[in-house]
Amino acid sequence: MEKLPNIIILATGGTIAGIAGKTTITVGYTSAAITVETLIEMVPEIETIANISGQQVVQISSQDMNNEIWLDLGKKVNELLSNPDIDGIVITHGTDTMEETAYYLHLVVKSEKPVVLVGAMRPSTAMSADGPNNLYNAVALAGSKNAWRKGVLIVMNDTIHSAREVTKASTFLTDAFQAPGLGALGYIQSNVAHFYKEPTGRHTVNSRFNTEGIDELPKVDIAYGYANVTRVAIDAFVETGSQGVIYAGTGNGSLTDEVMDALIEARSNDVIVVRSTRVGSGLVARNGEADDDMLDFVVSDTLNPQKARVLLLLALTQTTDTKEIQQMFYEY
Ligand code: GLU
């Protein structure tokens with residue numbers, strides 16, 4: 001009989017660990033309530049496809065995820081994966097910021113082994129809870145040779161996504177995770193991972209980012225564009241010490257005159273300015289809605305604002321050169 005893979009489940013909380021008093025409650029429940037031991041006990045099927053051990057890393061709703069936890073988590077994942085006896089890692093996570101944690105790890109993990117993030121849209125006590133099947137799929141994926149060298153993955157609703165492209169696109173549907181315009185990497189069915197695409201950006205072992213020895217990440221914030229937008233948010237971020245501002249502009253990262261003035265002023269104060277978009281798909285064209293070359297701005301390519309923030313956080317650990325940072329946005 002083939003040897004089962006050794007998989008570690010790192011639990012961080014979220015709805016997959018959520019509980020409610022009734023099976024019909026799918027909103028207004030308590031998130032991050034059950035521990036990793038209980039999660040594992042609730043899905044005994046995972047022990048038939050892997051040797052499982054669990055660690056509770058934090059116990060939070062994922063809106064409370066922050067730079068400090070990311071730094072610790074990245075280091076922990078690297079340390080665990082450097083052990084030749086460990087074949088893959090599953091991270092259970094709230095769905096709200098799962099895409100950001102996944103992309104952070106995609107950039108800092110130094111291993112070809114699978115790292116799979118998973119969560120649930122319904123609490124563990126709900127009728128047709130999606131957590132158990134998602135967890136089973138995540139363990140199968142983390143133990144699959146097909147998942148090596150694919151970077152960090154998210155599996156939800158039987159669908160495998162790359163950390164770079166995936167986003168939470170519904171507040172409540174069980175197929176909330178989508179990669180708008182670019183598509184999923186594959187499917188998982190009866191614990192077999194079927195891949196149809198490969199991530200093309202640099203990641204994991206080909207990434208230049210390394211957080212060993214770093215114990216603080218820079219302050220990077222996101223300002224949102226809308227009709228009648230003012231410069232107040234941008235000014236406030238700059239005044240409170242942001243080293244980078246992502247502007248989630250309308251359309252192709254378009255700016256009003258007032259926003260443009262605020263961003264030019266920010267840049268003259270050495271703040272890195274990244275033009276992104278609130279649209280949710282497509283790429284922001286350099287020198288399109290603004291003369292980025294002249295203004296010394298960076299464009300986010302196809303990264304959504306929250307992922308652009310993650311990349312800029314890491315970029316700023318290495319450089320403040322905008323040409324180099326722009327190149328990173330094209331490569332990662
Ligand atoms: N807001 C909570 C979180 O992200 C619950 C949402 C979820 O996990 O689906 O942890």
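Start at 1 and go down the list; that is how both ligands and their atoms are numbered. Fair warning: this is a prediction, and the values are worked out from it, not measured in the lab.
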| Near ligand 1, which residues have a heavy atom under 4.0 Å away from one of its atoms? | G14, T15, Y29, S31, S61, S62, Q63, G94, T95, D96, A120
| note | In terms of heavy-atom contacts, G253 and T277 come closest through N-CB, 4.2 Å
| Residues that F177 engages under ring-ring contact (aromatic ring centres under 6.0 Å, His included), provided they are two or more places apart | none
| task | May I ask you to check whether over 12 heavy atoms, not counting those of D257, lie within 6.0 Å of atom CG? | result | no
| field | OG on S162 to CD on E99, rounded to 0.5 Å | value | 12.0 Å
| request: Please name the pair of heavy atoms, one in D221 and one in K219, separated by the smallest distance, quoted to 0.1 Å. | output: OD2-NZ, 2.7 Å
| said: Hydrogens and angles aside, do N157 and D130 bring a side-chain donor and acceptor to less than 3.5 Å of each other? | reply: no
